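Below is one structure; the comments refer to it alone.
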Amino acid sequence: MTLQTADLYDERGEDLQSVAVQFQSIGGNARFSGPIRTVSCFEDNALVKAVLARPGAGAVLVVDGGGSLQTALMGDMIAESAVANGWAGVIINGAIRDRVAIGGLALGVKALGSNPRKSSKTGKGSADVVVEFAGVRFRPGRMVYCDEDGILAER
């Protein structure tokens with residue numbers, strides 16, 4: 001992604017939604033974009049792991065973890081799988097773990113924070129559904145753009 005989100009917003013305006021929550025930029029790629037794929041889950045990362053183990057073709061996985069910081073929804077092994085499978089990035093409305101290792105990967109990662117505690121692995125949740133957090137709706141197939149200034153999603 002060469003165009004900055006501020007310039008993109010200036011160009012497209014209200015065609016884009018801006019995430020006001022101040023997500024931390026954790027991955028090795030601070031700037032990333034791609035078509036949206038989604039997972040909705042709460043303190044259970046089995047579905048996140050399964051989706052990122054499949055070919056990403058430059059997509060960005062948007063995970064609505066309910067904003068929970070009690071458990072991590074992605075660690076270094078899942079992030080490495082995302083890189084190996086061609087994902088551009090992951091946005092997690094929740095926590096990750098292994099932030100130093102993830103920071104060294106060629107992957108864009110935005111999350112609320114980190115927690116070393118593992119999540120459960122029952123597989124509860126939904127994939128490729130519309131998710132909403134921070135007043136923004138993330139629709140599968142639409143584009144999302146991320147950089148040091150923030151996150152923009154197509155309406």
Side-chain angles (χ1 to χ4, degrees), residues 1-42 45 47-69 72-114 125-155:
M1 186 175 107
T2 57
L3 192 63
Q4 295 178 339
T5 56
D7 295 335
L8 187 60
Y9 191 85
D10 289 348
E11 181 181 299
R12 296 189 46 199
E14 293 302 313
D15 289 342
L16 299 168
Q17 304 169 85
S18 178
V19 176
V21 172
Q22 301 299 294
F23 279 74
Q24 296 179 32
S25 185
I26 298 169
N29 294 347
R31 296 180 181 189
F32 59 100
S33 63
I36 295 169
R37 297 280 309 278
T38 65
V39 165
S40 177
C41 60
F42 186 74
N45 75 346
L47 194 51
V48 173
K49 180 179 180 179
V51 170
L52 291 174
R54 295 188 284 243
V60 175
L61 183 63
V62 178
V63 180
D64 184 6
S68 175
L69 297 174
L73 293 177
M74 185 176 75
D76 60 343
M77 292 189 298
I78 294 174
E80 288 170 0
S81 173
V83 172
N85 287 300
W87 290 84
V90 182
I91 301 167
I92 299 180
N93 183 32
I96 59 102
R97 61 191 245 159
D98 304 314
R99 71 186 299 143
V100 172
I102 290 172
L105 296 175
L107 182 69
V109 177
K110 297 248 187 205
L112 296 178
S114 60
S126 302
D128 293 319
V129 296
V130 174
V131 299
E132 184 172 346
F133 54 85
V136 172
R137 281 194 173 166
F138 296 90
R139 294 173 176 85
R142 303 269 173 96
M143 290 294 291
V144 65
Y145 307 92
C146 302
D147 68 8
E148 299 87 347
D149 283 335
I151 302 168
L152 296 174
E154 289 182 333
R155 289 194 184 276

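Just so we're clear, the structure is a prediction, and the values are computed from it rather than from any experiment.
Between C41 and V48 the shortest side-chain heavy-atom distance falls below 4.5 Å. Residues N93 and F23 meet the side-chain proximity criterion, which asks for heavy atoms closer than 4.5 Å. For the pair M74/V63, no side-chain contact is recorded, criterion being any heavy-atom separation below 4.5 Å from C-beta on. Side-chain contact between R37 and P140: absent, with no pair of heavy atoms (C-beta onward) separated by less than 4.5 Å.
Checked against salt bridge (Lys or Arg N to Asp or Glu O under 4.0 Å), D15 has no partners two or more places apart in sequence or in another chain. Every side chain to side chain contact (heavy atoms under 4.5 Å, CB included) that N29 has, sequence neighbours left out, goes to A106. Annotation: side chain to side chain contact (heavy atoms under 4.5 Å, CB included) contacts of E148 (sequence neighbours excluded): A30, R31. In this structure, the side chain to side chain contact (heavy atoms under 4.5 Å, CB included) partners of L16, at least two apart in sequence or on a different chain, are L8, Y9, R12, Y145, L152, E154. E11 meets the salt bridge (Lys or Arg N to Asp or Glu O under 4.0 Å) test with no other residue; sequence neighbours excluded.
Tested against N45, the residues I92, I96, L73 include a single side-chain contact (heavy atoms from CB on, under 4.5 Å) partner, L73. With V51 as the partner, the side-chain contact (heavy atoms from CB on, under 4.5 Å) test is satisfied by one option alone out of N85, L61, T38: L61.
Between V62 and F138 the shortest heavy-atom distance is CG1-CG, 3.7 Å. What you find for R99 and S114 is that their closest heavy atoms are NH1-OG, 3.1 Å. Between I26 and A111 the shortest heavy-atom distance is CD1-CB, 3.9 Å. Closest approach of G141 and P35 over heavy atoms only: O-CB, 4.2 Å. Across A88 and F32, no two heavy atoms sit closer than the pair O-CB, 3.8 Å. Between S81 and A53, the closest heavy-atom pair is OG-CA, 3.5 Å.
Taking CG from L52 and CE from M77, the interatomic distance works out to 13.5 Å, rounded to the nearest 0.5 Å. The CG atom of D149 sits 9.0 Å away from the CG atom of D7 when rounded to the nearest 0.5 Å. I91 CD1 to L112 CG: the interatomic distance, rounded to the nearest 0.5 Å, is 11.0 Å. One distance of note links CZ of R97 with CD1 of I102; it measures 9.5 Å at 0.5 Å rounding.
Without hydrogens or angle criteria, Q24 side chain to Q22 main chain gives no donor-acceptor distance under 3.5 Å. Between the side chain of D147 and the backbone N or O of T5 there is at least one donor-acceptor pair closer than 3.5 Å.
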Under the side-chain contact (heavy atoms from CB on, under 4.5 Å) criterion, do S25 and K110 qualify, and how do the steps go? CA-CA 5 Å; S25 185; K110 297 248 187 205; 4.0 Å; yes
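The salt bridge (charged side-chain N to carboxylate O under 4.0 Å, His left out) pairs that include a residue from residues 130-139 are E132-R137, where partners are two or more places apart or lie in different chains.
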